[in-house]
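Model, not experiment: these values are computed from the prediction.
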Amino acid sequence: MQPFLIFGLTAGLGAMGELAGHERRGALLWPGRSAVIGLMGAALGIRREGDFSALEALEVSVGLYDSGAPLRDYHTIETVPSAAAKAPNSRPEALQAARGRTNTTITLRDYRTGPLFGVAVAGEGLEALAAALNAPAFTLYLGRKSCPLAAPPGARVVQAEGPEAALAQLILPPWRKGARLVSLIVEDAAGEVVHDRAIDRARWHFAPRRVAVRPVGGGGA
């Protein structure tokens with residue numbers, strides 16, 4: 001048995017990012033590691049340029065109850081021609097270098113409607129994290145700022161043999177009590193590659209890691 005911090009994530013709209021380009025921003029079926037760590041950082045009051053090293057040391061597993069239905073939105077954005085900015089490190093740097101020489105283009109934004117996830121975290125400082133999630137310093141979002149949580153995370157620390165057993169103790173929102181844990185996303189050297197490990201949050205730089213999606217037979221409380 002070991003301690004796990006468990007909490008739930010649900011929203012009317014969720015946008016769990018993947019590799020983002022100028023023309024399309026997709027949405028994964030579950031929140032990636034960088035999204036969960038960013039959310040915990042927001043609860044603690046850590047700004048984007050702050051120190052996330054303690055959070056990066058944690059083991060994070062995500063339980064999928066309901067990935068939601070896909071929804072696509074259309075945006076117009078300001079783009080920077082490559083001739084106006086050579087190899088910029090970030091979008092703000094590109095806009096500054098362009099000096100007004102920009103174009104307008106239509107882009108696609110993908111969302112998931114009504115998703116429901118559980119998160120199990122192992123490591124140090126879990127009690128403080130639970131307290132922060134239940135009284136966050138900053139507003140908590142499921143991806144983008146247009147996707148605030150639809151229910152409090154209900155964070156608490158439990159004892160369990162593993163993340164699946166820990167999530168079996170998760171208390172779901174009243175309107176989702178019938179939801180069942182379908183699969184568990186965990187780090188696995190033999191799994192699929194996802195780019196969700198943040199190495200520079202200020203510049204939106206991410207590194208790959210391997211995860212496995214394991215089917216489970218349990219259900220939420």
Side-chain angles (χ1 to χ4, degrees), residues 6-40 42-43 60-77 105-121 133 136 139-155 163-164 166-188 191-198 204 206 208-221:
I6 58 171
F7 58 93
L9 296 175
T10 188
L13 282 179
M16 291 66 69
E18 56 181 1
L19 290 177
H22 290 296
E23 295 182 359
R24 176 178 175 268
R25 291 192 177 183
L28 297 171
L29 297 181
W30 65 84
R33 178 178 173 84
S34 63
V36 174
I37 288 178
L39 183 140
M40 292 190 294
V60 177
S61 300
V62 175
L64 173 59
Y65 291 82
D66 183 354
S67 62
L71 174 70
R72 175 161 290 179
D73 194 12
Y74 296 86
H75 285 240
T76 56
I77 65 166
T105 187
I106 295 177
T107 66
L108 308 178
R109 304 280 181 93
D110 292 337
Y111 298 87
R112 309 292 301 187
T113 63
L116 175 63
F117 310 101
V119 180
V121 181
L133 285 164
T139 302
L140 304 182
Y141 305 100
L142 190 51
R144 304 182 190 125
K145 286 188 176 181
S146 58
C147 306
L149 298 186
E164 182 181 342
L167 288 175
Q169 304 176 59
L170 181 65
I171 300 174
L172 299 176
W175 61 91
R176 300 303 303 267
K177 278 192 174 294
R180 296 181 62 83
L181 183 61
V182 175
S183 56
L184 193 67
I185 297 90
V186 298
E187 290 204 27
D188 188 328
E192 63 180 283
V193 176
V194 294
H195 290 77
D196 68 349
R197 185 169 62 85
W204 296 86
F206 300 88
R209 69 183 182 115
R210 289 186 176 271
V211 301
V213 181
R214 299 176 180 170
V216 299

Practice prompt. Report the C-alpha distance between Ile185 and Phe117 in whole Å, list the side-chain angles of each, state the deciding distance to 0.1 Å, and finish with yes or no for side-chain contact (heavy atoms from CB on, under 4.5 Å).
Written response: CA-CA 11 Å; Ile185 297 90; Phe117 310 101; over 6 Å; no

Worksheet entry | side-chain contact (heavy atoms from CB on, under 4.5 Å) assessment of Val36 paired with Phe7 | CA-CA 11 Å; Val36 174; Phe7 58 93; 4.2 Å; yes

What is the minimum heavy-atom distance between [X] and [Y], and which atoms define it?
X	Y	answer
Leu133	Leu140	O-CD1, 4.1 Å
Val62	Pro31	CG2-O, 3.7 Å
Asp66	Gly114	OD2-O, 3.8 Å
Tyr65	Leu170	OH-CD2, 3.6 Å
Ala120	Pro163	CB-CB, 3.9 Å
Gly118	Leu167	C-CD2, 3.8 Å

Item to complete: Ignoring hydrogens and angles, tell me if any N or O in the side chain of Thr113 forms a donor-acceptor pair with the backbone of Leu13 under 3.5 Å.
Response: no

Worksheet item: Looking at side-chain heavy atoms only, is the closest gap between Arg214 and Ser183 below 4.5 Å?
Response: no

Worksheet entry | Close side-chain approach of Val211 to Arg33, heavy-atom, < 4.5 Å | no

Discussion item. One pair to check against side-chain contact (heavy atoms from CB on, under 4.5 Å): Thr139 and Lys145. What are the steps and the verdict?
Written reply: CA-CA 9 Å; Thr139 302; Lys145 286 188 176 181; over 6 Å; no

Worksheet item: Does the side-chain contact (heavy atoms from CB on, under 4.5 Å) test come out yes or no for Arg112 and Leu71, once each step is laid out?
Response: CA-CA 6 Å; Arg112 309 292 301 187; Leu71 174 70; over 6 Å; no

